[in-house]
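Note on naming: letters A, B, ... go to the chains in the order of the sequence lines (proteins, then strands), and numbering restarts at 1 for each one. Atom set for the values below is all heavy atoms of this structure, side chains included, hydrogens, waters and symmetry mates excluded.
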2 protein chains.
Amino acid sequence: MSLKYALLGFLNHSSMTGYDLKQHFDRSVRHFWSANLSQMYPTLSQMEKDGLLTMEVENQEKHPPRKVYRITGAGRRELKQWLAEPIGLPSLRIPFLVKVFFGGCLEKEEIIALLKDHLSRHRALMDRYLQIRKEIMEHPESKGMEKEFFFGNLTLGVGIKIEQAWIDWLEESVANIEEMNESGVRGGVLTDQRG
Amino acid sequence: MSLKYALLGFLNHSSMTGYDLKQHFDRSVRHFWSANLSQMYPTLSQMEKDGLLTMEVENQEKHPPRKVYRITGAGRRELKQWLAEPIGLPSLRIPFLVKVFFGGCLEKEEIIALLKDHLSRHRALMDRYLQIRKEIMEHPESKGMEKEFFFGNLTLGVGIKIEQAWIDWLEESVANIEEMNESGVRGGVLTDQRG
DNA sequence: TTTCTGTATATAAGTTCTTATATATGCAAT
DNA sequence: ATTGCATATATAAGAACTTATATACAGAAA
């Protein structure tokens, strides 16, 4: 459960509510970790029971009370320990590739439409990443935030590299399949690859 | 639930048992979809109830009976329909990037160790992919399997591209951080990037 | 001779994550 | 006026997935 450690990571920087944490997630780690509030609230309250966090209620006049979570010494130790531990590669689940794998069941036009649709999604995501990078770069007011800035930018970097890999592959695949003649796969990429 | 459709995809090619399906998964789609037998068995039996599959028991002398699943017309229709539908990007969960994001909490040596460990994992995976590609290419006995071969090879291609992206990024990041001077991030990549 | 791997089934318990629902208010836009 | 968005909490139900456990035999390796 890395959600726990992601929460500890943000709370190590500053104390906040579940709602605040959700904002931070969506603004900075969304490209490699997402979480719903409905998952975060019970996780936070469990972490409090486990002594990793303390909670303080701040009453507000016009809004529901804020439950502000603060990391404890035990929380910091557990975060630090987890961060330093090596971790294996996550097992991926990419439904789109299931579709491509069984693409033989589809007409040529259908598989091309599928690839082009996915290409536009990856291009849109790439645009968002590049926009975020641009905003980060033009942000000189990050005094005392050098480390946060540096590592955030680093993780954005791998996102951009992976999106570029997807875009390249999708463009090549569309071109490959479009060039295939109508007699099926025989006249296309397959025979080319075998020499 | 794409597991259902992956099962339909394999069963569309030939009838088999849960155990056989597990072998097929591990040999061909593992890099973008994995499943445990304990998840597959109940899923298959549910699919049978839903009329997507039929099941026939084959008794064996020395082993437990084989439950052979066969796709139905309804199953084929549902597979075909799902395959042609566009699908969004999956939300990723990469615990390693959570660690990198909060890398500011670690010593320089610790973060470098983390990156190098991950680099070796990605290199090992890349080696496996290249080995599989080599085996596919040297396999001329795939008569009548051109389409299966073609699309299987295609999905392997994106796996290779993404592994290369990871390897490049990890190598660059290790070099970047190693070159940083001991006064922190100020003398390193951060200032370089700002000009 | 024992241990490990492979064939073949399956359930139970637990974790993680998603989707739907509920409450209550302020503020801005249409 | 009303819709939608933002603030702030939270529960319930269910889907999806992991890990542990169970049975039973064959064949190969140590």
Tell me whether the OP1 or OP2 atom of [N] has a side-chain N or O from [X] closer than 4.0 Å.
X: Gln39(A); N: dT16(C); answer: no
X: Ser38(B); N: dA20(D); answer: no
X: Asn36(B); N: dT18(D); answer: yes

Side chain of [X] only, heavy atoms from C-beta on: which candidate in [options] is closest?
X: Leu3(B); options: dA8(D), dT7(C), dC17(D); answer: dC17(D)
X: Arg66(B); options: dA8(C), dA8(D), dA20(D); answer: dA8(C)
X: Ser91(A); options: dC17(C), dT18(D), dT7(D); answer: dT18(D)
X: Met1(B); options: dT7(D), dA16(D), dT9(C); answer: dA16(D)
X: Asp20(B); options: dA8(C), dT11(C), dT18(D); answer: dA8(C)
X: Tyr41(B); options: dT9(D), dA8(C), dT16(C); answer: dA8(C)
X: Arg93(A); options: dC17(D), dC17(C), dT11(C); answer: dC17(D)

If I take atom [atom1] in residue [X] and atom [atom2] in nucleotide [N], what distance separates them, rounded to the nearest angstrom?
X: Arg30(A); N: dC17(C); atom1: CZ; atom2: C1'; value: 16 Å
X: Gln23(B); N: dT9(C); atom1: CD; atom2: P; value: 10 Å
X: Asp50(B); N: dA15(D); atom1: CG; atom2: P; value: 12 Å
X: Met40(B); N: dT11(C); atom1: CE; atom2: P; value: 15 Å
X: Tyr69(A); N: dA8(D); atom1: OH; atom2: C1'; value: 12 Å
X: Ile94(B); N: dT16(C); atom1: CD1; atom2: C1'; value: 17 Å
X: Tyr5(A); N: dT15(C); atom1: OH; atom2: C1'; value: 14 Å
X: Leu44(A); N: dT11(D); atom1: CG; atom2: C1'; value: 15 Å

Mind checking whether Trp82(A) and Tyr5(A) have parallel, tilted or perpendicular rings, split at 30° and 60°?
->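 If you compare the ring of Trp82(A) with that of Tyr5(A), the planes turn out parallel.
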Using a strict 4.0 Å threshold on nitrogen-to-oxygen distance, state whether Asp26(A) and Lys22(A) make a salt bridge.
->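 Yes.
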With DNA chain C as reference, determine whether Trp33(A) or Leu37(B) sits nearer its 5' end, using the nearest nucleotide of each.
->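 The residue whose closest nucleotide sits nearer the 5' end is Leu37(B).
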Applying side chain to side chain contact (heavy atoms under 4.5 Å, CB included) between Leu3(B) and each of Thr43(B), Leu44(B), Leu8(B), report the one that passes.
->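 One option only clears the test, and that one is Thr43(B).
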Modelled atom types, side-chain donor and acceptor of Gln46(B) and Asp50(B), under 3.5 Å |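 Yes, a side-chain donor-acceptor pair sits under 3.5 Å.
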Does one side chain, of Asp168(B) or Gln164(B), offer a donor that lies under 3.5 Å from an acceptor on the other?
->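 There is such a pair between these side chains.
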